[in-house]
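Input: a single structure, listed below in structure tokens.
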Protein chains: 2
Amino acid sequence: MNKKSKPKFKPYKKSSAHNYVFEILKDYIISGVYKVGDQLPTEVELSQTFGISRAATREGLRALEGIGLITTVQGYKGGRFVKKIDSEIIVSGLDLLLQTEKPSFGELFNELIEARIAIECVTVKMAALNRSEENLAAISQVLDLRVDSKDEFYNKTYDLHELVALASQNKVLFYIVQAIRKLIFQTYSNLALEDNNIDLVMKTHYAIYSSIKNRDPEEAEKAMILDIESYRNLYLEVIEKHKKG
Amino acid sequence: MNKKSKPKFKPYKKSSAHNYVFEILKDYIISGVYKVGDQLPTEVELSQTFGISRAATREGLRALEGIGLITTVQGYKGGRFVKKIDSEIIVSGLDLLLQTEKPSFGELFNELIEARIAIECVTVKMAALNRSEENLAAISQVLDLRVDSKDEFYNKTYDLHELVALASQNKVLFYIVQAIRKLIFQTYSNLALEDNNIDLVMKTHYAIYSSIKNRDPEEAEKAMILDIESYRNLYLEVIEKHKKG
DNA sequence: TAACGTAATGATGTCAGACATTAATATGTA
DNA sequence: TACATATTAATGTCTGACATCATTACGTTA
């Protein structure tokens, strides 16, 4: 949003000042008055328009930062900026939730993989039934990408599963799939995967693609299970080595 | 935690003061130094032990409040208290995520219900396979509860689906089921459901129970679909009336 | 004695105003 | 041209005072 055409805020009445800042700005962001990447007014401007102190304003902004709606940049050309809302804001919460149970390294991994199998088997079936031509083209494009390194390969994998979830035409499931996958990769990112199974994974990916293309939910599910299970085994091998080494 | 045996914090060095407060206290809460319901030291105490100002301390606390880890109580006997971490911290994020797409009332509802069907069909099958005797007893107990009012009835329903998800023995799926259900109920809580279908719901609930008891995943899935679909229809009727009225 | 009003208490909430820090940019000098 | 320095505009921090809120304690009165 252009800073010159900024909206006029009403000064606050009830509730606390900091909470008022939080609520109002949250509404403005959600309703799109401030869009992704936009800079919010400065602390001083906000406190003036709200008619409250800078300290209270900052507390409200800090809460907004906490829920992941804005980021803060210090220095010249700094300020508060509206963040892109993506599945990340679920990931941190899900992580907290699971950590409170204090599961072991392997336990958590298995539960996450099981959850992936459970949900992604559904999304891949839905994708086979509901996918558009655009969905199919996008998936095909990712499969055709030239892969030069192991890392690139796993990034590509990342995209494929997201695109499949997207093709299910269900946003709820799409975000949940994303969140679980992100959590897995961020939790176990320290594990360096071997690249001896790349051929297998490429086969299963192609099987997923073609079953979606052929609108064959049963085949799609089988391929998805194979794919995720092969991932699980890849990781489990490394985890085993990790324990021994 | 007993306030008298409070941990000694190291004064902060790098990163910002408010962020230090946020990170340290978050760690203390996650690692269980401060447990659910415990009162944190007061702002003044914290700022003294951290060696920073009250203002910076408050900002850190506000961020902790933002992510839902603590609550603030004003007045005598007030203070900051550690909140119970439950699926609520995903619900708000998921809500934000879905709102950004600006779906219509009915669109969102259908996607949420579809997601429920997708995931709860899996959890109920897993429950049929993995449930313990304790799980079964808990479900049975909820079914036997005397129900005096419509509201009570729907609370009971709430418990049943949670218990089934719990019986799947997968925490990830359990929390996700909880989150989706909470989001539905909080988004559509203004809709007063008719009670003319209670008999049907009780039947499907019993069917869910007995198929879990008999360790019959196929029957369990069928019953679950019936149950959620009947819910969907209940709501859709009301939504239709809502549009007309 | 019981009921009610009021003061004390201890926590968070708010304020004003100063100065520190940070990082991009502009400027000046070798 | 390249490098060092000053400027600038934002957030970061500090201090110390006062306001508000909600529980508890107390004291007065019917």
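Atom set for the values below is all heavy atoms of this structure, side chains included, hydrogens, waters and symmetry mates excluded. Throughout, protein chains are lettered first and strands after them, A, B, ... in sequence-line order, and every chain is numbered starting at 1.
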Quiz item: Between A/Arg62 and A/Glu65, is the closest basic N to carboxylate O distance under 4.0 Å?
Solution: yes

Self-check item: Side-chain touch A/Thr71/A/Val82, heavy atoms, less than 4.5 angstrom
Solution: no

Quiz item: Reckon A/Arg80 touches a base, only the sugar-phosphate, or nothing at all at heavy-atom distances under 4.0 Å?
Solution: sugar-phosphate

Quiz prompt | Spacing between B/Asn19 atom CG and D/dG12 atom P, to the nearest angstrom | solution = 10 Å

Practice problem: Could you check which of D/dC14, D/dA10, D/dG12 has an atom nearest any side-chain atom of B/Ile52? | Solution: D/dC14

Look for any protein N or O under 3.5 Å of an N or O in nucleotides 5-9 of chain C and output each such pair with its distance, or none.
none

Exercise. Check whether any side-chain heavy atom of A/Leu173 lies under 4.5 Å from a side-chain heavy atom of A/Gln178, and answer yes or no.
Key: no

Quiz prompt | Contacts of B/Phe109 that satisfy ring-ring contact (aromatic ring centres under 6.0 Å, His included) - sequence neighbours left out | solution = B/Tyr188, B/Tyr235

Practice problem: Describe the nucleic acid contact of A/Gly78 in one word from base, sugar-phosphate, nothing, applying a heavy-atom distance below 4.0 Å. | Solution: sugar-phosphate

Quiz prompt | Candidate pair A/Glu59 and A/Asn19, rule side chain to side chain donor-acceptor pair (under 3.5 Å), full reasoning | solution = CA-CA 8 Å; A/Glu59 284 184 30; A/Asn19 193 54; over 6 Å; no

Quiz item: Choosing from D/dG12, C/dC15, D/dC14, which nucleotide comes nearest the side chain of A/Glu43?
Solution: D/dG12

Quiz item: Would B/Tyr28 and B/Glu23 count as having a side-chain donor-acceptor pair, cut-off 3.5 Å?
Solution: no

Exercise. Using the salt bridge (Lys or Arg N to Asp or Glu O under 4.0 Å) rule, collect all pairs that involve residues 69-83 of chain B, keeping only residues at least two apart or in two chains.
Key: B/Glu43-B/Arg80

Quiz item: In residues 61-74 of chain A, which residues come under 4.0 Å of DNA chain D by heavy atom?
Solution: A/Arg62, A/Thr72, A/Val73, A/Gln74

Quiz item: Tell me: NE2 of B/His18 to C1' of D/dC14, nearest whole Å?
Solution: 14 Å

Quiz item: Between A/Glu59 (CD) and D/dT11 (C1'), how many Å, whole number?
Solution: 15 Å

Practice problem: Tell me which of B/Gly75 and A/Ala55 sits closer to the 5' end of DNA chain C, going by the nucleotide each one is nearest to. | Solution: B/Gly75

Quiz item: Who passes side chain to side chain contact (heavy atoms under 4.5 Å, CB included) against B/Tyr76, sequence neighbours left out?
Solution: none

Self-check item: Pairing residues for B/Gln99 by the side chain to side chain contact (heavy atoms under 4.5 Å, CB included) criterion, not counting sequence neighbours
Solution: A/Ile30, B/Asp95, B/Leu108

Practice problem: Counting heavy atoms from C-beta on, name the nucleotide in C/dT14, C/dA18, D/dT15 closest to the side chain of B/Ser53. | Solution: D/dT15

Quiz prompt | Atom-pair distance (CD on A/Gln48; P on C/dC15), nearest Å | solution = 13 Å

